[in-house]
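Owing to the predicted nature of the structure, the values given are computational and were not obtained by experimental measurement. Below, each value reflects all heavy atoms present in this structure, side chains not excepted, and no hydrogens, waters or symmetry copies. When a residue number appears, it is its place in the shown sequence, counting from 1.
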Amino acid sequence: MGISSEQFLQLRAEEVAVMYDHTFTKKEAILTGKRMVDNLIEDGDIDPKKVWANIVRLKEVINSADAYFRESLYIFEKESINGVEFTPVQGGETLNYKEDKIYLQLHDDLRIREELLKLARKSNNDLFDQYGNVVPKVSTSPRKSSITVKF
């Protein structure tokens, strides 16, 4: 990376450091984002999809910076900086359920039952499980539509 690129990144970091004062709340941040989109759509001066495309990229930059800060800086006790509260949380332990043979069998049985329910949903004929029970055709719940974004 050249000197001018490094200077540019340094300037960006300085801008980000003072972008919002300590009184800017999470609710205000959410409202600011909504207002920005509403204004863009109402004004019609700039293609909102182009702005959105750059916001998607910027969000990845911010998420990456946030993740790297979490790895690089350690906070030993709860502290508030510029109106943002940072609280360290100790990791705990997770039980290794799959070490238990009974758990594994039940887990496999559930997976098999899910597959039977999927098959029964698509089948025109009655379907029976390993115990001779009719596998019912269960109802479905709609999923929310969305837009996939890649770059």
Side-chain angles (χ1 to χ4, degrees), residues 1 5 8-9 12-13 15-17 19-20 22 24-151:
M1 191 178 296
S5 296
F8 175 77
L9 290 176
R12 291 288 133 197
E15 286 179 25
V16 169
M19 188 177 288
Y20 300 107
H22 70 282
F24 191 69
T25 66
K26 185 174 183 177
K27 286 182 181 180
E28 288 174 315
I30 292 167
L31 188 57
T32 299
K34 287 179 181 178
R35 281 188 190 141
M36 182 184 76
V37 172
D38 285 341
N39 291 342
L40 270 169
I41 292 171
E42 284 178 23
D43 292 345
D45 296 337
I46 302 171
D47 181 0
K49 291 177 187 170
K50 286 184 179 179
V51 174
W52 185 17
N54 280 320
I55 285 175
V56 167
R57 288 183 178 96
L58 178 60
K59 186 169 67 169
E60 290 305 316
V61 170
I62 297 299
N63 288 343
S64 172
D66 178 51
Y68 193 68
F69 271 122
R70 289 172 190 267
E71 292 174 9
S72 302
L73 302 178
Y74 191 78
I75 295 179
F76 295 98
E77 58 187 35
K78 184 177 181 178
E79 57 183 297
S80 182
I81 301 165
N82 199 26
V84 176
E85 200 171 89
F86 297 91
T87 306
V89 178
Q90 293 294 339
E93 293 183 357
T94 301
L95 290 174
N96 296 316
Y97 298 114
K98 293 187 178 180
E99 291 176 1
D100 176 45
K101 290 179 183 179
I102 295 172
Y103 175 89
L104 272 178
Q105 184 60 53
L106 291 170
H107 189 268
D108 287 344
D109 289 347
L110 278 174
R111 187 184 50 76
I112 290 167
R113 185 67 179 187
E114 286 175 3
E115 292 304 316
L116 281 172
L117 290 168
K118 289 175 188 176
L119 282 173
R121 178 82 180 150
K122 295 176 184 177
S123 177
N124 292 330
N125 302 321
D126 283 343
L127 195 64
F128 296 89
D129 63 15
Q130 61 193 14
Y131 306 107
N133 300 314
V134 174
V135 179
K137 292 185 181 200
V138 296
S139 64
T140 61
S141 299
R143 285 191 295 254
K144 184 178 178 182
S145 296
S146 64
I147 297 172
T148 299
V149 178
K150 296 180 190 176
F151 69 96

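Within a 6.0 Å radius of CD1 in I102, no more than 12 heavy atoms belonging to other residues, nucleotides or ligands are found. Counting non-hydrogen atoms of neighbouring residues, nucleotides and ligands closer than 6.0 angstrom, the NZ atom of K59 reaches no more than 12 such neighbours. Residue-environment remark: CZ (F86) exceeds the threshold of 12 foreign heavy atoms within 6.0 Å. No more than 12 heavy atoms of other residues, nucleotides or ligands sit less than 6.0 Å from atom OH of Y131.
Contact check on E114 versus R111 returns no salt bridge, with no Lys/Arg side-chain nitrogen under 4.0 Å from an Asp/Glu carboxylate oxygen. Taking the charged nitrogens against the carboxylate oxygens, R12 and E15 do have a contact shorter than 4.0 Å, which makes a salt bridge.
In plain terms, the two heavy atoms of P136 and A120 that are nearest each other are O-CB, 3.8 Å. The two residues R121 and V138 come nearest to each other via the heavy atoms NH1-O, 3.3 Å. Looking at every heavy atom in both residues, V135 comes nearest to R113 through CG2-NH1, 4.1 Å. Across every non-hydrogen atom of Y103 and Y97, the tightest pair is CD2-O, 3.4 Å. Minimum heavy-atom separation, P88 to E77: CD-C, 3.6 Å. Across all non-hydrogen atoms, the minimal contact from N82 to Y20 is ND2-O, 3.1 Å.
To the nearest 0.5 Å, the span separating CG on L116 from CG on N133 amounts to 11.0 Å. Rounded to the nearest 0.5 angstrom, I41 CD1 and I46 CD1 are separated by 12.5 Å. The distance from atom CG of L31 to atom CG of D38, rounded to the nearest 0.5 Å, is 9.0 Å. Going from atom CG of L127 over to atom NZ of K118 covers 14.0 Å, rounded to the nearest 0.5 Å. Distance CG/L117 to CD1/I112: 12.0 Å, rounded to 0.5 Å. To the nearest 0.5 Å, atoms NZ (K26) and CD1 (I30) are separated by 6.0 Å.
Residues satisfying the side chain to side chain donor-acceptor pair (under 3.5 Å) criterion with D66, sequence neighbours excluded, are R70.
Side-chain atoms of S72 come within 3.5 Å of backbone N or O of Y68 as a donor-acceptor pair. Formation of a donor-acceptor pair under 3.5 Å by the N96 side chain with backbone atoms of E99 is not found in this model. Between the side chain of N39 and the main chain of R35, a donor-acceptor pair closer than 3.5 Å is present. Without hydrogens or angle criteria, S64 side chain to E60 main chain gives no donor-acceptor distance under 3.5 Å.
Under the 30°/60° scheme for interplanar angles, the aromatic rings of F76 and Y74 are found to stand perpendicular.
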